[in-house]
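Here is the structure we will look at.
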Amino acid sequence: MRVFGATLVLAMLVSACSAGSSVSVPADPDAISIGFAAEPANLDFTRTDGAAIPQALLYNVYEGLVKLDADGRVVPLLAREWTVSEDRRTYDFQLRPDVTFSNGQPFTAQDVKFSVERVKTAWTISLKSKMDVVDRVDVVGPLHARVVLKRPSNNWLFDMTTRVGAMFSPSGVADLANTPVGTGPYTFATRKRGDSIVLRANPSYWGRRPAYTTVYLKYYKDPTALNNALLSNGIDVISSITTPDSIGQFEADTRFTVLQGTTNAEVTLSFNNAKAPLNDKRVRQALTYAIDRKAVMATVSAGRGTQIGSMVPPTDPWYEDLSGVHPHDPARAKALLAEAGLRNISLRLRVANLPYAVSAAQVVASQLADVGVNVSIEPLDFPAVWLKQVFTDHDFDMSIVQHVEARDIVTFGNPKYYWGYDSPKVRELLTQADVGTPEKQVQAMKEIARTIADDAAADWLFLFPNVIAAKTKVTGLSRNQVSESFDLTGLGRR
Amino acid sequence: MILGIARRTAIFLVSVLAASIAVFLFMAVLPGDPAQVALGINATPELIARTRAEFGTDRPLTTQYFDWIGGVLTGDFGRSYVTRDLIGPQLADRLGVTLWLVGAAMVIAVVIAVPLGSFAAVRHRKVSGTVISGASQLGVAVPAFLAGILLVQVFAVQWRLLPSGGWTPPNQDFGEFLRGLVLPALALGLVQGAVLTRYVRSAVLDTLREDYLRTARAKGLMPGQALVRHGLRNAAVPVVTVLGLQLTTLLIGAVVVERVFVLPGLGSMLLDAVAARDLLTVQGIVLVLVIAALLVNFLVDLLYTVIDPRLRRS
Amino acid sequence: MTTAAMKRRTPTLTVGAILVGLVVLLAVMSFLWTPHDPTRVDAAVRLLGPTGDYLFGTDKFGRDLVSQIMVGARTTLYVGVVAVGVAAVIGTPLGILAAMGPRWLGEFVMRVNDLVLAFPALLLAIMFGAVFGASTLTAMIAIGIATVPSFARIARSGTLQVMSTEYVLAARAAGRSRFAIAHRHVLPNVAGLLIVQSSVSFAIAVLAEAALSFLGFGTRPPTPSWGRMLQESQELLAVQPRLAIVPGIAIAIAVLGFNLLGDGLRDRLDPRLAGRR
């Protein structure tokens, strides 16, 4: 028993040492708590990759010149307006006056120059390459910034709505991992690792004051625990439900409203296009015919989601439904495999060790077994092992992972990307889309989407749904999740 | 006796050193490059090389080991590859959560096991004793996380009496802290209590068979009275050993319950660090866990000599 | 065993043997026949309640629960056999060696033993899973290694006991080699204790597999495993509790069976201890 006494005393001492570093959720009408699945490793998205950091901070703590609205349109934020030159290389941004950073510094064109140039110099994550196209930034006036590109690029302005477009103050970048300084409606207050981040309303915000003065971002590694937190009144909102079979519980309960929209997350069965036997288009097509994507969506996602048939979500301007290109047709699959001279092939399906991927892998394996393809499933630690073995070393035949980045169809223009798809036609079209007029862009992008679908460069199983469950009092949640941010600015209450 | 303690202390220290080397070597063979994981997809080889240099993972293993262990000796576990924060304070924070959970669970286990186990032993040929034995056997057979999931369903989701998870530190809101601790501690404590009940029962049974207790009973004492007066101290020896073992396995064994109840404890910190290939953090956690286990064994050894004078000579 | 002891015998051994027998029977039967293919996914029949065709219903993949439980019994036995096998094969000779070999060797073995004991099974399994990739085999080898100290300790103390008996002393006086003594006298006498330990360790391994599957370090899909069935059922607990209850009961039966079997064997082998544990 003495062991116990000692243990308890020790525990109390240790806990006391960690005083003040954490939070609980009081019943404050001005506070809201929102549950998320993935926790940021730190708060510095300039040097640490991962969707969780911009999800918490972008548009809420940090703002850019432009933002992406819920329908996928680029709209003004810190730039009141902008003009594009005739050769489509020069952008003139007129900045909003009276904007200050949370450390008190005013926001000016100097900060635009500093922030854009800093992406090239100080950022380390791979997304920094999105700013490679920038030639220079000129400070024309205190509230007038001019960005000159090396060549016309439609993608650049879009990328400015993502984290690479976030505006920083030269006096606010000393400790980005712990002390973010932005112009947004919220400021970072505290965080408790493994538990939560707290944001507070920024008293000197230039725009409309947010409805909730305190926001608790609570992190639940386990999706069931996240669901239970809402069911037991522990939180007010689930940012995105990842266990679709449990959505019925929330729909049936009058305490909650459930919103369903779309994301950018294509659940993709990727093929190793560079390696036999999947370098043979007939084999890829055969596998695509063999898989009943509606059944995959029914089992993995309780039938929720969108059949897309290519790498374009419905919120992109060049979306068209290509799910009928390779309809479910096992007989045709068998014929194509026979034509390719393959019998009893075995393939390694090396998937991310995440619930949706492991579930989808089991459906895919079962359906491919029906056409005589033997599949061995290997779940790999995500991200560490998957990144190393599948993504970098290309040691796989097939894989399943959600590709969550916006407009990631451009990866099909990179032959070194892990799926090893090499098509000069697609590369040429991508260049045309980027430098051309917006109309030309839409046309070229459609062509690309059709080409990769015809080639069965991958099998896009379905687009993951964005399902939000919230207490009925919470309003202003956006149905679609198309930006990198979980945008808190529109929230309100009944 | 002093010589014995000195010898045990020496063995303890050598074991800690050996354990630190084992833990370090284990990390060295782990696949997955922390630099690459931190940088994410599309990282260039130059960038990876630069980050490796920054982490110091490009140096020879021996240098890395001595650098690390030298720091640990002064309480510096290094900086995390992922959070870029000092690991030491994080570890202390997480360990605190786990110790509360495990401590509360062990209290529950003892409160259940000592009376029930003793009762089952005294009545071991009666129906009531057999029922308790059977119930404890059943309790042992339930995975702790299943117990946790069921408790959440009933008390949090259906009846909404207690939080389904999450952690409130005691110094912030003690009532909320206790409410949050009840279900996870029960999930862990009930199962451990069942395990412990079996050991208490057998320890008490052994004691009951000792001659002095027979004498006591011959003098007319009831079995229960005899036990309380003479037997408990002796029965405590094997029970304390089991308690020590349970404590060390629970520090990491609590991880499943931490996962169910989303508690920011040491186990969930370990799983996160493993997934993110935050090797320095993994190394620190494993070392702390192993040292804790060695320390508990060491203390149990010492405690023996206090509880049972007969063992002092050995 | 005296007749008095026989009369007092608890039904522990019988109940344990029946439960373990049930698990073995399910596993053996699954090689010959299962009601449905346990890994075949069929979206049309997902989440069915119990019917004549699907006795316990189907899971979210439309797979038959009965067939999965049957084939899962194989995994459970495999798990126990690997873990206990590793522990017994390494631990037993080490323990005997520690008892019969030179004093320094014995001391060294037991110190290393204590060191391994400081790595809890779950910790080792998580670390092994990270290094070698998650699979049933790696997890169970880790559990096995973590169990080696128990076997070594029991083998050592058993051997020390046997070595001090008169017939062994006589054999040593007659100049028999250590190896011969170990083979002829020690092993047969220690075997009983080891069998009891095997049964208890088996139960622990089954529980460990469940915990590891829950954490994603256990059996790989689509191989049916009771632990993974539990894990996959978690999100549906409120809607379809049957999905968790069925594998939960299966695990409890196996663990209970092996624990009772171990206790029963202990009583049988050492009547003095009848009624313990």
Side-chain angles (χ1 to χ4, degrees), chain B residues 11 14-16 18-19 22-23 26-27 29-32 121 124-125 130 133 137-138 140-146 149-150 152-153 157-158 198-199 201-202 205-206 209 245 248-253 255-256 259-260 267 270-271 274-275 277 282 285-286 289-297, chain C residues 8 10-12 15-16 107 111-112 114-124 126-133 146 203-204 206-208 210-212 214-217 227 230-231 233-234 237-238 241 244-245 247-249 251-260 263 272-273 275-277:
Chain B
I11 290 172
V14 172
S15 304
V16 168
V23 169
F26 216 100
M27 292 307 122
V29 297
L30 211 62
H124 78 281
R125 284 187 207 132
T130 313
S133 298
Q137 284 281 14
L138 266 176
V140 174
V142 177
F145 65 89
L146 186 59
I149 292 169
L150 294 174
V152 170
Q153 267 308 313
V157 174
Q158 301 297 333
R198 298 172 68 202
Y199 284 98
R201 175 174 174 270
S202 95
L205 264 181
D206 278 357
R209 291 200 179 91
L245 265 176
T248 54
T249 41
L250 273 194
L251 284 181
I252 183 69
V255 61
V256 281
R259 177 60 75 85
V260 171
L270 176 72
L271 288 182
V274 166
R277 286 301 178 271
V282 176
I285 300 168
V286 175
L289 283 170
V290 170
I291 290 178
L294 291 169
L295 189 67
V296 169
N297 289 347
Chain C
R8 279 210 313 268
T10 51
T12 314
V15 175
E107 183 70 11
R111 286 286 82 80
V112 174
D114 283 349
L115 191 62
V116 175
L117 208 58
F119 287 82
L122 213 53
L123 180 65
L124 266 191
I126 290 172
M127 289 166 69
F128 270 51
V131 175
F132 304 110
I204 294 172
V206 172
L207 277 177
L212 287 167
F214 178 73
L215 298 174
F217 286 93
L230 253 184
Q231 184 247 327
S233 72
Q234 205 203 343
L237 197 71
I245 291 169
I249 289 177
I251 290 172
I253 285 178
V255 174
L256 191 62
F258 280 104
N259 271 334
L260 290 177
D263 290 357
R272 197 175 57 85
L273 301 177
R276 280 185 58 169
R277 277 171 211 177

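In this text, all values refer to a predicted model and were calculated from it rather than measured experimentally. Lettering follows sequence order; numbering is per chain, from 1.
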Atom pair CD1 (B/Ile11) and CG (C/Asp114), whose distance is rounded to the nearest 0.5 Å: 8.0 Å
B/Ile285 versus chain C, the contacting section by heavy-atom distance below 4.5 Å: neither
Nearest-0.5 Å distance, CG of residue C/Leu237 to CG of residue B/Leu150: 6.0 Å
Chi angles and distances behind the side chain to side chain contact (heavy atoms under 4.5 Å, CB included) call for B/Gln137, C/Asp263: CA-CA 11 Å; B/Gln137 284 281 14; C/Asp263 290 357; 2.9 Å; yes
Region of C/Leu230 in contact with chain B, defined by heavy-atom distances below 4.5 Å: side chain
When B/Ala141, B/Ala293, B/Ala144 are compared by non-hydrogen pairs under 4.5 Å with chain C, the top option: B/Ala141
Contacting moiety of B/Ile252, where chain C heavy atoms sit under 4.5 Å: both
Segment of C/Ala252 engaging chain B (4.5 angstrom heavy-atom cut-off): both
Side chain to side chain contact (heavy atoms under 4.5 Å, CB included) between B/Leu146 and C/Phe214, worked out: CA-CA 10 Å; B/Leu146 186 59; C/Phe214 178 73; over 6 Å; no
With B/Val140 via side chain to side chain contact (heavy atoms under 4.5 Å, CB included) - residues at least two apart: B/Ala194, B/Val195, B/Arg198, C/Asn259
Most contacts with chain C, counted as non-hydrogen pairs under 4.5 angstrom, among B/Leu289, B/Val290, B/Val255: B/Val290
Structural part of C/Phe258 lying under 4.5 Å from a heavy atom of chain B: neither
Any side-chain heavy-atom pair of B/Val23 and C/Phe119 under 4.5 Å: yes
Proximal component of B/Val157, with respect to chain C [non-hydrogen, under 4.5 Å]: neither
Within the 6.0 Å centroid threshold, strictly below: B/Phe26 and C/Phe128: yes
Those residues that, when tested against C/Leu207, pass side chain to side chain contact (heavy atoms under 4.5 Å, CB included) (two or more places apart): B/Pro143, C/Ile251, C/Val255
Heavy-atom proximity to chain B below 4.5 Å, by part of C/Gln231: neither
Leading residue by heavy atom contact count with chain B [cutoff under 4.5 Å; candidates C/Leu117, C/Leu122, C/Val15]: C/Leu122
Heavy-atom proximity to chain C below 4.5 Å, by part of B/Thr248: backbone
CG on C/Leu115 to CG on B/Leu294, rounded to 0.5 Å: 6.0 Å
Interface moiety of B/Ile149 toward chain C, non-hydrogen atoms closer than 4.5 Å: both
Interchain contact, B/Leu271 with chain C, by part (heavy-atom threshold 4.5 Å): side chain
